[in-house]
Amino acid sequence: MPELPEVETIRSALAPGLTGRKLERVEILDPRLTRPEPPELVAAALERERVSAVRRRGKYLVVVFESGRHLLVHLRMTGNVLHPAPDGHENDLHVRAVVRLDDGSDVVYHDVRRFGTWELLEPGELKEYFAVRRLGPEPLGRAFTAASLGGALEGRRAPVKAALLDQRAAAGVGNIYADEALWYARVHPLTPAGELDEEQVAALRDGIRKALRLGIRRQGASVRNYRGADGLRGRMQDEFRVYGRDGEPCERCGTAIVKTRAGGRGTWYCPSCQPGD
DNA sequence: CCCCAGCCCTGGTCGC
DNA sequence: TGCGACCAGGGCTGGG
């Protein structure tokens, strides 16, 4: 479940080793990785491309090539990009692609559950790609304000938790950071999104940024099998205020954290600090 | 348009 | 020890 902080952690670890390198050989082992385009087409197109930057947009890793093409890597649930390649990756069933760089090192794409995707965009297609998907503002950028969040939530009857998982509100917020943000903001996750008052929307905007910034500082959350590109675990799981903590005391008030469901996802909150429903 | 259920996918856990 | 049921969830599709 790499969300914005996990993807940003991977991006920042990859950028120094990939920037300026040429892709010499691209081996795509999982035919589903590049759907709908066949993997051999994407692999052939990628070979001899030179990386000019490694960026991130929401939960997408964006590899920028000098040709103007972009490779969009979405890790979904269990995807990861490792560089340099860890020992023994040749025998790892879950390695879905290997890219040899012109310095002789390998980049390994690893994904147990195979939800992750690679999409190669031609020059100039990136903006349209994100526009079609109506990807919202970067939550750590200037465009993400209480007003922009309020606009995204306005009139919506869905639980605010579900509205946060919708990438139109803020790009990159997933299940973990949505719960953490709601706790910081003292907002009940099942509150209809459109019913939040101005003060709550402002608190939620701040809570989202607080949770994401903490996640980046801690190099992501290593729950289940997430690892950074360097293979190291993040430490954000030690900072969880509510996520996965049902039955444990809320650090603000001592009340036991409760688990419920919202937007089809496991959702944790403090029934005392986050009143309502 | 909104909202939600179902789908994709595999590994880990739980009950029997 | 084995086996089946169930759960984890990001983003997309399809139905109401």
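Values below: every heavy atom of this structure, side chains too, minus hydrogens, waters and symmetry copies. So you know, we letter chains A, B, ... as the sequences are listed, proteins then strands, and number each from 1. Owing to the predicted nature of the structure, the values given are computational and were not obtained by experimental measurement.
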Position toward the 5' end of DNA chain B (nearest nucleotide), Ala158(A) or Arg265(A)
Ala158(A)
cation_pi(Arg57(A), Tyr60(A)) dist<6.0 Å, angle<=45:
no
Which nucleotide in the set dG11(C), dG10(C), dC2(B) lies at the smallest distance from any side-chain heavy atom of Leu165(A)?
dG10(C)
Note: for Arg133(A) and Phe115(A) on DNA chain C, the residue whose nearest nucleotide lies more 5' is Phe115(A)
Could you give the CG-to-C1' distance, from Leu164(A) to dG11(C), as a whole number of Å?
16 Å
Compare side-chain N and O positions of Gln167(A) against OP1 and OP2 of dG11(C) and report whether any pair is under 4.0 Å apart.
yes
Quick check: any donor-acceptor pair below 3.5 Å linking the side-chain of Arg113(A) to the base of dA8(C)?
yes
Going by salt bridge (charged side-chain N to carboxylate O under 4.0 Å, His left out), Asp102(A) matches just one of Arg50(A), Lys22(A), Arg25(A), Arg48(A). Which one?
Arg50(A)
For Arg157(A) and dC4(B), what is the distance between atoms CZ and P respectively, to the nearest whole Å?
10 Å
Roughly, in whole Å, what's the span from OH in Tyr60(A) to P in dG10(C)?
13 Å
Reckon His74(A) has a side-chain N or O less than 4.0 Å from the OP1 or OP2 of dG10(C)?
no
Any side-chain N or O of Tyr243(A) under 4.0 Å from OP1/OP2 of dG9(C)?
yes
Side chain of Lys59(A) only, please: which of dC1(B), dG11(B), dG11(C) is the nearest?
dG11(C)
Under 4.0 Å between any heavy atoms, over every strand shown, what does Gly266(A) touch: base, sugar-phosphate, or nothing? Just pick one.
sugar-phosphate
Let's see if you can work this out: which of dC2(B), dG9(C), dT10(B) has an atom nearest to the side-chain heavy atoms of Val112(A)?
dT10(B)
Determine, for Arg156(A) against Glu154(A), whether the closest basic-nitrogen to carboxylate-oxygen distance falls under 4.0 angstrom.
no
What is the distance, to the nearest angstrom, from the CG atom on Asp166(A) to the C1' atom on dC12(C)?
12 Å
If I take atom NE2 in residue His110(A) and atom P in nucleotide dT10(B), what distance separates them, rounded to the nearest angstrom?
13 Å
Within this structure, what is the CD-to-P distance between Glu6(A) and dA8(C), rounded to whole angstrom?
18 Å
Nearest-Å distance for atom pair CG/C1', residues Asn175(A) and dA8(C)
9 Å
Is any side-chain N or O of Arg134(A) closer than 4.0 Å to OP1 or OP2 of dG11(C)?
no
Below the 4.0 Å mark, does dC2(B) have OP1 or OP2 next to a side-chain nitrogen or oxygen of Arg168(A)?
yes
Between Lys259(A) and dA8(C), is there a side-chain N or O to OP1/OP2 distance below 4.0 Å?
yes
Looking only at dC3(B), dC1(B), dG11(C), the nucleotide nearest the Arg156(A) side chain is dC3(B)
Tell me yes or no: between the side chains of Tyr177(A) and Glu6(A), is some donor less than 3.5 Å from an acceptor?
yes
When rounded to whole Å, the CH2 to P distance for the pair Trp118(A) and dG11(C) reads 19 Å
Which heavy atom in Arg11(A) sits nearest to a heavy atom in Val54(A), and how many Å separate them?
NH1-O, 3.1 Å
Can we call the ring centroids of Phe240(A) and Trp268(A) under 6.0 Å apart?
no
